[in-house]
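Note that this is a predicted model, so its numbers are computed, not measured. We name chains A, B, ... by the order of the sequence lines, and we start the count at 1 in each one.
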Amino acid sequence: MELTIFGKPCEMAEGGSVGQWLKDNAPEDFKKYLAVELADGTVQDLFAPISASQAVKPLTFEDEAGRRVFFHSASHLMAMAVKKLFPQAKLAIGPAIENGFYYDFDIDESFSQEDLQKIEKEMLSLAKKSIRPVRSTLARREAIAKMEALGEPYKVELIQDLPEDAELSFYDMGDFVDLCAGPHLPNLSYIKAFKLTQVAGAYWRGSEKNKMLRRIYGTAFPSKDQLAAHLEHIEDMKRRDHNKIGRELEYFTTVDYIGQGLPILMPKGTKVIQILERFVEDEEERRGYLRTKTPLMAKRDLYKISGHWDHYRDGMFIMGDPDDEAAEVFALRPMTCPFQFQVYLNRTRSYRDLPMRLGETSTLFRNESSGEMHGLIRVRQFTISEGHLACTPDQVEEEFRGCVELAQFFLGAVGLGDDVSYRFSKWDENDKEKYIGNPEDWESAQNEMRKILDDIGIDYVEADGEAAFYGPKLDIQIKNVHGKEDTLITVQIDFQLAERFGMVYIDRDGEKKHPVVLHRTSIGCYERTLALLLEKYAGAMPTWLSPTQVRVLTITDRQDAYAKSVEAALRAASLRAECDLRNEKIGFKVREAQMEKIPYMLVMGDREAEEGTVTVRNRKGDNVGTMPLSEAVALIKKANDEKVLD
RNA sequence: GCCAAUAUAGCUCAGUUGGUAGAGCAGCGGUUUCGUAAACCGCAGGUCAAGGGUUCGAGUCCCUUUAUUGGCUCCA
């Protein structure tokens with residue numbers, strides 16, 4: 001049998017393993033190899049026999065796939081420790097995740113912090129025992145019997161749901177056995193450093209109808225240094241958390257008696273959002289959008305037409321008794337579409353009116369479940385750069401492309417262009433209740449959208465069950481400092497609501513036809529975008545977005561009058577300037593401005609006041625130079641106007 | 001909604017087995033007028049998230065509620 005390892009051909013006997021070969025040929029560092037990737041991309045145990053000639057890749061912790069094996073084994077190590085300390089705990093599942101692993105247990109009492117420490121200690125002593133995971137397979141009936149004998153009902157359920165012909169593999173680790181597809185590390189002693197980071201509840205099989213299990217999250221590394229570096233990285237990310245710096249820097253706050261998901265935007269947060277709104281509105285006007293301003297609420301009759309009443313009622317704030325058919329019941333709007341459609345419906349439209357592009361800076365209300373609110377990212381009232389385009393079928397591709405390009409333009413301007421990923425969100429054909437329309441329409445809409453996406457040539461992943469209830473979406477996704485992904489921007493194709501609302505145009509041939517409607521945001525939800533900008537820049541907003549762009553600092557109060565005149569000149573140049581005239585040491589004032597992430601400081605003493613100059617410092621601490629005031633104004637104005645991402 | 005953790009001055013935090021609420025920074029009033037990481041003196045600031053309970057006595061123990069944070073589920 002001929003194998004290729006590290007690109008070099010080598011001979012191997014039948015039943016030989018890559019692990020053995022490495023041990024024989026590279027004994028000094030063979031312990032860094034965790035598993036092996038076969039030519040077809042599957043990963044197997046390092047010491048599992050190779051069945052055919054092929055090129056293989058031994059995986060280390062540096063490889064994504066290798067890391068997953070490492071984390072997966074670490075989750076088993078944790079399950080071993082838990083079973084030893086809490087024999088009554090039932091095992092559910094324990095996969096690797098992006099930066100670690102978790103394992104779900106069914107146990108009455110939750111795990112406390114002390115429990116976690118005990119488990120870590122037990123893991124340490126188990127890891128030192130040098131246990132080799134041993135793989136075996138069983139027939140279905142025996143597998144079920146084995147798991148029933150061990151008293152593991154969740155494992156039994158998992159086996160029962162696997163296909164009839166699936167190979168059921170088990171891993172023995174000392175006196176611990178688990179149903180597991182593997183692969184695993186050659187030896188659990190490879191796991192040198194780990195930390196159990198938190199406990200959380202998680203539904204069995206991810207369904208809220210099922211029992212809630214206790215999940216323990218952890219992370220693991222081949223060395224203590226790597227663990228320390230990882231934990232340090234997490235701390236770093238937490239320091240960028242918009243929820244922390246956004247409150248510290250007074251961008252927003254919350255008040256317990258106002259309620260969850262209803263943040264108070266302070267002057268700084270409001271300023272950034274205002275800058276973004278003006279930027280978006282002006283750019284959209286340049287691109288042929290017309291602006292509208294529509295009501296924040298409507299009678300339920302409107303939502304019955306749009307489908308919201310049947311498909312989105314739980315997400316709405318309703319005023320009045322929804323069960324009283326005779327009463328006049330209102331609801332705050334969760335989406336703008338049915339309102340903005342009325343602009344189109346106001347009179348008969350011709351094909352000459354299309355495409356019609358409508359934009360609105362639109363405030364929406366969604367009654368999210370109480371556990372789901374998160375800083376400025378997930379709130380109950382928010383404002384989005386909303387828009388709807390009505391077009392003919394042959395205009396769809398160009399208009400869709402225009403929406404994507406506009407979104408990319410804004411993302412680039414604020415500096416988030418490289419931080420996003422694209423998701424093609426489709427419906428879930430097994431859950432038709434959630435959607436309106438028939439399967440044929442969904443298929444054709446999705447095929448059309450896929451074709452457009454491919455034509456545009458963007459990289460995207462497809463996701464089932466993520467569509468809006470009326471159509472498929474292109475979602476532009478971004479991750480926050482905790483690694484959690486959210487939708488920042490969305491562009492949707494809707495082949496259904498136009499018909500529901502009776503939106504038509506008179507085509508060239510004199511026939512009435514329904515336009516295709518695109519729903520889209522251009523910079524998304526302003527609150528969410530602000531949150532992600534705060535995290536991206538750790539609060540140090542680019543000059544053009546900074547609530548305060550320049551602060552004037554005096555050495556003594558002899559310069560106060562000059563400082564006020566400088567501030568006035570800066571404001572006259574449309575720069576957001578303020579003075580700090582307190583009798584504090586200049587070093588203190590500078591440091592405070594830096595802590596507040598103000599881009600520029602103009603420092604002045606007697607000399608500057610006499611000469612009419614200022615000494616410019618930036619927030620990094622660089623002294624840019626002493627120059628005439630007009631030069632300093634030009635310098636800062638340039639950064640503002642060019643929207644540089646300093 | 002579910003599983004957890006948390007809530008003490010504007011901020012960061014102390015507060016012993018239940019016995020009169022504390023510090024630093026910020027703020028305010030003076031003094032000081034100083035060149036890049038913190039001048040000096042003084043003052044004020046709290047229904048310990050809210051409500052109930054146990055107790056002679058609760059920041060501390062118990063219950064309920066609210067909010068914040070991390071997950072699950074759901075979504076811009």
Side-chain angles (χ1 to χ4, degrees), chain A residues 97 102 104 110-113 197-217 238 241 243-244 247-248 250 253-263 312 314-315 334-336 362 364 366-380 382-386 425 434 465-466 468-469 473 475-478 482 484-490 492 519-521 523-529 531 553-560 582-595 601 603-608 615 617 621-623 626:
Chain A
I97 53 176
Y102 66 78
D104 287 347
S110 184
F111 298 107
S112 66
Q113 278 305 311
T197 47
Q198 65 165 332
V199 286
Y203 298 106
W204 167 237
R205 304 201 135 181
S207 168
E208 59 185 330
K209 294 184 188 78
N210 291 338
K211 181 163 185 183
M212 179 152 284
L213 308 175
R214 317 278 178 181
R215 173 173 297 178
I216 303 179
Y217 283 93
K238 279 186 186 161
D241 190 339
N243 234 323
K244 183 172 167 58
R247 290 169 195 273
E248 278 172 5
E250 297 188 307
T253 187
T254 49
V255 175
D256 57 1
Y257 44 81
I258 285 181
Q260 273 190 305
L262 297 168
Y312 206 83
D314 289 346
M335 296 177 195
T336 320
S362 179
L364 305 178
R366 295 189 188 175
N367 192 4
E368 305 288 355
S369 307
S370 61
E372 275 149 26
M373 262 59 77
H374 172 77
L376 291 177
I377 286 184
R378 199 72 187 279
V379 292
R380 281 181 165 151
F382 55 94
T383 300
I384 64 171
S385 54
E386 179 75 283
S425 298
K434 269 178 74 176
E466 298 286 351
F469 72 80
K473 308 191 285 177
D475 291 322
I476 304 182
Q477 304 288 107
I478 191 159
H482 297 106
K484 186 164 171 142
E485 189 177 274
D486 274 297
T487 302
L488 193 60
I489 293 173
T490 180
Q492 308 166 3
H519 306 237
R520 44 106 272 174
T521 63
I523 206 168
C525 157
Y526 289 101
E527 289 83 351
R528 185 174 282 185
T529 302
L553 309 177
T554 53
I555 306 284
T556 77
D557 61 10
R558 287 193 298 275
Q559 298 90 41
D560 283 0
R582 293 173 308 160
N583 292 329
E584 296 286 351
K585 285 245 185 214
I586 187 65
F588 181 85
K589 291 185 189 178
V590 168
R591 182 173 170 270
E592 191 159 84
Q594 285 179 327
M595 281 177 58
M601 287 157 256
V603 179
M604 55 198 61
D606 290 338
R607 189 162 47 83
E608 284 91 346
T615 299
R617 287 174 63 93
D622 305 329
N623 193 333
T626 301

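- The pair A:Asp606-A:Arg558 counts as a salt bridge, with a side-chain nitrogen and a carboxylate oxygen less than 4.0 angstrom apart.
- For A:Tyr203 against B:G1, a side-chain-to-base donor-acceptor contact under 3.5 Å is present.
- Using a 4.0 Å cut-off, some side-chain N or O of A:Asn243 falls inside it from OP1 or OP2 of B:U69.
- Partner assigned to B:C48 is none, using Watson-Crick or G-U wobble distances below 3.5 angstrom.
- Not one side-chain nitrogen or oxygen of A:Lys244 sits closer than 4.0 Å to the OP1 or OP2 atom of B:G70.
- Separating the CZ atom in A:Phe382 from the OH atom in A:Tyr526 is a distance of 13.0 Å, to the nearest 0.5 Å.
- For B:U36, there is no paired base (Watson-Crick or G-U wobble, both distances below 3.5 Å).
- When both pairing distances are held under 3.5 Å, B:G29 makes a Watson-Crick or G-U pair with B:C41.
- Base pairing annotation: B:C13 forms a Watson-Crick or G-U wobble pair with B:G22, both donor-acceptor distances under 3.5 Å.
- OP1 and OP2 of B:C75 both lie 4.0 Å or more from every side-chain N or O belonging to A:Arg366.
- Contact check, A:Gln260 against B:U68: a side-chain N or O comes under 4.0 Å of OP1 or OP2.
- Pair check for B:A67 finds B:U6; Watson-Crick or G-U wobble, both atom distances under 3.5 Å.
- Checked for salt-bridge contact, A:Arg582 and A:Glu592 meet the test: a charged N lies under 4.0 Å from a carboxylate O.
- In the set B:U69, B:C75, B:G1, the nucleotide with an atom closest to the side chain of A:Arg528 is B:C75.
- Counting only distance, with no hydrogens or angles, the side chain of A:Arg215 and the backbone of A:Gly201 share no donor-acceptor pair below 3.5 Å.
- A donor-acceptor contact under 3.5 angstrom links the side-chain atoms of A:Arg617 to the base of B:U36.
- Neither OP1 nor OP2 of B:A67 sits under 4.0 Å from any side-chain N or O of A:Thr254.
- Annotation: B:U47 and B:U64 have their P atoms spaced 26 Å apart (nearest Å).
- Spacing between B:C48 and B:G59 at atom P, rounded to whole Å, works out to 7 Å.
- Using a 4.0 Å heavy-atom criterion, one finds that A:Arg582 contacts the sugar-phosphate atoms exclusively.
- The gap from the C1' atom of B:A39 to that of B:U32 amounts to 7 Å, rounded to the nearest Å.
- Candidate nucleotides B:G70, B:A4, B:A38 were compared by shortest atom distance to the side chain of A:Arg591, and B:A38 ranks first.
- Checked by distance alone, A:Arg378 brings a side-chain donor or acceptor within 3.5 Å of a matching partner on the base of B:C75.
- Taking the P atom of each, B:U65 and B:A5 are spaced 15 Å apart, rounded to whole Å.
- Between A:Thr383 and A:Glu527 there is a side-chain heavy-atom pair separated by less than 4.5 Å.
- The base of B:G35 sits with one of its N or O atoms less than 3.5 Å from a complementary donor or acceptor on the side chain of A:Glu608.
- B:A49 and B:C43 have their P atoms separated by 28 Å, given to the nearest Å.
- With B:U68, B:U36, B:C3 as the candidates, the nucleotide lying closest to the side chain of A:Met212 is B:C3.
- Using N1 to N3 plus N6-O4 or O6-N4 for Watson-Crick, or N1-O2 and O6-N3 for G-U wobble, each under 3.5 Å, B:C72 pairs with B:G1.
- Taking only side-chain atoms of A:Asp557, from C-beta outward, the nucleotide of B:C74, B:U36, B:U33 with the closest atom is B:U33.
- For the P atoms, the distance from B:U55 to B:U69 is 38 Å, rounded to whole Å.
- Salt-bridge annotation for A:Lys473 and A:Glu466: absent, with no side-chain N of the basic residue lying under 4.0 Å from a carboxylate O of the acidic one.
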